[in-house]
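Let me begin by presenting the structure, written as structure tokens, before commenting on it.
Reminder, nothing fancy here: chain letters follow the sequence lines and each chain counts from 1.
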Amino acid sequence: MPDTSNPLIVQSDFSLLLEVHNDKFEIVRNELTKFAELVKSPEHIHTYKISTLSLWNAAAMGLDVKYITDSLINYSKFDVPNNVLEEIRAIFGRFGVVEILKYEADNTKLILFIKEKNLEIEILSIPKLKKYVTHKISEQRYLIPLLLRGELKVDFFNFNIPVNDIAGYAKSKFLDINLKTETSARVPFKLRDYQTMASEAFYQAGSNFGGHGTIVLPCGSGKTIIGIDVITKVKGYALILTTSVAAVHQWIREILDKTDISPDMIGEYTGDKKEIKPITVCTYQILIYRKTKESDFPHFGIFLSQEWGLIIYDEAHLLPAPIFKITSELQSVRRLGLTATLIREDGHEKDVFCLIGPKKYDTPWKVLEKQGWIAEAKCYEIKLPLQEDLVMDYLAADQKAKFAIAATNPLKIDVLSDILLRHRNSLILVIGQFIDQLELVAKIIKAPLIIGKTPNLKREDLYRRFRAGELRILVVSKVANFSIDLPDAAVLIQLSGTYGSRQEEAQRLGRILRPKKNNNSYFYTLTTQDSIEEQYAHNRQRFLTEQGYSYEIDYWKKEELICRKN
Amino acid sequence: MSEKLINLDNLNDDEIKSLYEVFLGKILMKREDFSYRKNLLSVLSKENVISSFVEKLNGDEFKVLKFITNFDALSNHYLIEKISIILDMQLFLVNKVISNLLLKSYIFQREDLIIIPQIYYEVANSTSYEIVDISGEIYSSKSITDINNIILYFITKEFKFSNSYSLYKKDNISSDQIFANYSNFDYDDLNAISYFFSNAFCDEQFNISLNKVEIFFSKNMFERILYFVEITFPNFYSILKFYYKNKQSVAFKREDLKKLWELTLMNQTYTYPPIKKDFDEVLSFLEKIGMIRTLDDGRILIICYYKNDEEVGNGITISTNFTFFVNANSTQKDYYEIALFGDMLNYNKLVEFEISELSIKRSVVAGYNYDNFQNFFENNGIDLPKNVETTIKQWFDKYGSYFYSTGTLFFCNGAEKGKLIKNLIEKDVITAYELIKDEVYIIPDENKEDFFNFLEKSGINFFNKEAKKNTPSRKNEVFNIESLINTSV
């Protein structure tokens, strides 16, 4: 029954608006996460969306349709539109009608089982789907090649036909690996509640319903730990793909620190080393390396080199296109995607869902912050005028040059110096896009610099010293955007970014979200006022403001800036 | 077809002569007491004389003539369009037919009027109706909520409409995408609303008059839907107005209402072309917006409503990410202001808007400033998040710092005279910008009317060095249907 004291508004376009400042907010939020996707969560109203994918996922997890419709009706402020209820029932009704099953007689083939005759006729009438149903073996059953398993699921999905893949996974070599109860430093260790829930949401007690999916959690919330826990559940050989050599080393460190596996069981597959072990950690870059555009990818062989039980895609939103392609051929291996943001500026989030798996777990950033699992971050945007002698150059320049001039505004260095003074007792990261600017800054503030061409060993050393507190300030380029764990970094000063990339903004904030002693982190972004950089900054901030973060804006006038003497 | 009582009273002497010559040819020599009128009447009363001439017409001419015979005179203004709608004929064809009939002197043109000799066919009887006792109906339809929000959407998009005041296809598609989920209106209906929007709020260049929008939103919901009908279907509005005046709900047989609709359409004066919808399409739309209902026996019920004074607030919730939600069915007068600074993202029970740099730029061009913006949220009890406030202020500043205006130069003969005008400007009584100190001012085009009205009222004399052009008002006169109605069943 509708009740105006309820917090939920169900709209006829399947969007759900949830009032945050309502007594029933928490209960309803927990219900919604079972069958709806969180779209954005600014401070007054959270927006969810019921989609085919979210319903399909709910069905795969064993929810029944009455549970969903009852939840909507019971918690809705107004009448639930009839079309929404009917459509939910219709979509739900489609789940389980098409299945992929194991074919015992030949392990290079699978059975496509279409349970409804009408749907079979429909499939046969769609040219793009018809190609999969050419080899009929019995009533409503067709044989499909193993390699087309992924592609089939994507194509069927595009025609609103969810395919329930219960063919299971290929057998992998057994790996005896368990979580420790204390770390190498003898600190008691156990998973946090949400990490356990995320891991279980993915693994589903080993059933064929689980084993493929994406976990979306904020930076600093310990997704690596979740990945490790899944490895210990699967107990099979694991291949971990990540974004940089530093990230590879980080994974290896964490695995050794949190599990009982011996170091000789873990291999690094990067530009520097080519080890293939029961647990192998490699970079995306090495996988997609090839001599020329026409050549094959020489390192793709790693996927077939072992009987992998699990592939983990770290920072899944960054999957390069060739990886998608090979992944569509690896559907018989469990696949876990880990990411803080599914935003891709190219809008290919759906490919991550279809080929790795649907979103299995997510939690609003602010909820984890409230629970203390990630640091509370105060975000500031400091706007400053363009240095006067550059104004004419700026006005006359084209768009790209305008951005460069604004982003490398020399007056930013004065602001930077001031912020460094404010936080003189904190560990600080200074990050930017333009190498010249970073080199100048590093020289002026006398801090070490890490950029793309910094050798890996030197990077590792600097990160280690920063973690240990031996270095207070690090100046980094976008190599440090993601996957680098610097737990005690409390301040991040962003001098410039990659145009309007929301994903980059979110990832950078993530560098300072690990919980710390006073649990406050500070994120400063410096933008030149009345410039194109300001417009890009506004777009960059969108994702974070949708997560509930607000930026405090501060204007620095010329008179306030300290004159820098050359 | 049957012969009828011949009546030539509506023709003048020249027309009588021309008509005579159509039937009997030119007279080269005539007696002194010869009367064209008398002779014509005598000839026309003979059997089959008229029918033999009418048979010379082709199918289209026959069709049109048969219809317009219902009238003894018709305004030439949008005549072609009206006939095209009623008879479902293409415009060029109707134009050709009317030209031919004029050429052949079957009908005549007298300045702005087309005169039709009342000789050709039986004239249709006036229509009848039944009064239905359904008192106390309060107007309540989601359609007006949809229309309100579509108006807002059009304002935000600054669409240009086609010559027939329809949306261009791509704009219709994008509008349909926003409204399809929650609105009762479809692709075609959106064109009716764009027609209304263009004629109610825009000038010939589709510049929107915010004053007119403001007036619309100051009406209650029932008044708004009435106004919608007045602008979009003025002939139907005449019908409504007649019965509303008498506080009557009435039921018509479909064919009777159709006749009435046709008669009123032909008699209605238009300052813009009538909307291209036939009778069935008009009825369907009116039913959608709740102004009529089809009874079980097929009759059409025109419902006499009382006002609807229900009030629903805006219910705004704003977030740090520059989006905010508003109640779709808000009746607040300032609801339309949202379109001045926000872009509609999603239309549903709660409408989602976003404030962006571009929407603020649009706002500045529309004459909105930061104070207006702030007042709007204050009046709605909203504290803007700090970052939102700061950024928006900056955007207003960015786009409002420089502007140009086109207007009228106003010259004052001497500094003393100029100071008087300056004083009035400073007191905010009139609007103009000083070009040359105390001597020459420029009056922005949009402030011209008020400026001169004030001077006139105050007795300050002025003159215009250039010839004035008269800009006709775009409002249609309401047609009185009393003469067309039978008062008995």
Side-chain angles (χ1 to χ4, degrees), chain A residues 2 4 8-21 39-47 49 76-81 83-84 87 366 378-383 502 525 527 529-532 534-539 541-555, chain B residues 142 145-146 149 176-185 312 315-329 344-361 381-402:
Chain A
T4 49
L8 186 65
I9 297 154
V10 182
Q11 313 234 88
S12 62
D13 61 353
F14 294 83
S15 61
L16 311 173
L17 305 177
L18 181 61
E19 290 172 354
V20 174
H21 308 294
V39 175
K40 49 188 175 183
S41 53
E43 73 270 37
H44 299 301
I45 293 188
H46 289 187
T47 306
K49 188 109 183 169
S76 180
K77 203 186 266 292
F78 308 113
D79 284 328
V80 177
N83 71 305
V84 171
E87 190 70 7
K366 280 289 181 175
K378 296 190 197 314
C379 302
Y380 298 91
E381 184 185 357
I382 297 184
K383 295 183 194 254
R502 294 172 288 161
T525 186
T527 54
Q529 208 175 329
D530 299 328
S531 75
I532 197 170
E534 224 180 10
Q535 292 167 24
Y536 284 127
H538 183 69
N539 193 52
Q541 290 158 20
R542 266 180 65 194
F543 174 72
L544 292 177
T545 53
E546 284 169 6
Q547 297 304 311
Y549 287 94
S550 71
Y551 282 73
E552 205 176 298
I553 298 176
D554 193 10
Y555 289 90
Chain B
K142 194 177 147 289
T145 299
D146 291 345
N149 284 282
D176 193 45
Q177 279 167 358
I178 293 275
F179 290 96
N181 264 315
Y182 188 61
S183 157
N184 294 331
F185 295 122
V312 176
I316 299 177
T317 325
I318 189 164
S319 289
T320 50
N321 65 339
F322 294 83
T323 61
F324 60 98
F325 291 93
V326 193
N327 288 336
N329 59 347
M344 191 183 287
L345 295 183
N346 190 32
Y347 175 63
N348 217 288
K349 262 201 198 76
L350 294 192
V351 191
E352 189 180 2
F353 287 88
E354 180 185 53
I355 304 170
S356 67
E357 191 172 334
L358 284 177
S359 71
I360 297 296
K361 180 181 177 182
I382 301 288
D383 281 325
L384 291 170
K386 267 269 163 277
N387 69 314
V388 172
E389 194 181 329
T390 309
T391 305
I392 289 171
K393 206 170 184 177
Q394 197 183 338
W395 288 338
F396 270 106
D397 188 57
K398 179 175 178 177
Y399 290 104
S401 295
Y402 305 99

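Atom OG of A:Ser15 and atom CG of B:Leu345 lie 11.5 Å apart (nearest 0.5 Å). Here B:Ile316 contributes atom CD1 and A:His44 contributes atom NE2; the two are 12.0 Å apart, rounded to the nearest 0.5 Å. Taken to the nearest 0.5 Å, the OG1 atom of B:Thr391 stands 11.5 Å off from the OH atom of A:Tyr551.
Crowding of A:Lys77 atom NZ: a count of heavy atoms from other residues, nucleotides or ligands under 6.0 Å exceeding 12. In this structure, B:Lys393 places its NZ atom where only 12 or fewer heavy-atom neighbours from other residues, nucleotides or ligands lie under 6.0 Å away.
If you tally non-hydrogen atom pairs under 4.5 Å between each of A:Ile553, A:Thr47, A:Asp13 and chain B, the highest count goes to A:Asp13.
Looking at A:Tyr380 and B:Asn387, their side chains never come closer than 4.5 Å, going by heavy atoms from C-beta outward. You'll find the side chain of B:Lys349 stays beyond 4.5 Å of the side chain of A:Ser12, heavy atoms only. Side-chain contact check for A:Leu17 versus B:Phe325: some heavy-atom pair is nearer than 4.5 Å. By the 4.5 Å heavy-atom criterion applied to side chains, B:Gln394 and A:Asp530 are counted as neighbours. Looking at A:Glu552 and B:Thr390, their side chains never come closer than 4.5 Å, going by heavy atoms from C-beta outward.
Between B:Lys386 and A:Glu381 there is no salt bridge, since no side-chain nitrogen of the basic residue lies less than 4.0 Å from a carboxylate oxygen of the acidic one.
Annotation: B:Phe322 is in aromatic contact with A:His538 [ring centroid separation under 6.0 Å].
Of all heavy-atom pairs spanning B:Leu350 and A:Gln11, the tightest one is N-OE1, 2.8 Å.
Residue B:Glu389 does not touch chain A at all, counting heavy-atom pairs closer than 4.5 Å. Contacts between B:Ser356 and chain A at a heavy-atom distance below 4.5 Å are absent for every atom of the residue. When heavy atoms are compared at a cutoff of 4.5 Å, A:Glu534 approaches chain B solely by way of its side chain, counted from C-beta outward. Of the two parts of A:Asp79, only the backbone, made up of N, CA, C and O, holds a non-hydrogen atom closer than 4.5 Å to a non-hydrogen atom of chain B. Contact annotation for B:Asp397: neither backbone nor side-chain heavy atoms come within less than 4.5 Å of a heavy atom of chain A.
Side-chain N or O atoms of B:Glu357 include none that pairs as donor or acceptor with a backbone N or O of A:Gln535 at under 3.5 Å.
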Inset, instruction - Evaluate the salt bridge (Lys or Arg N to Asp or Glu O under 4.0 Å) criterion for residues B:Glu354 and A:Lys40: first the C-alpha distance (whole Å), next the side-chain angles of each, then the deciding distance (0.1 Å), finally the verdict. - result: CA-CA 14 Å; B:Glu354 180 185 53; A:Lys40 49 188 175 183; over 6 Å; no
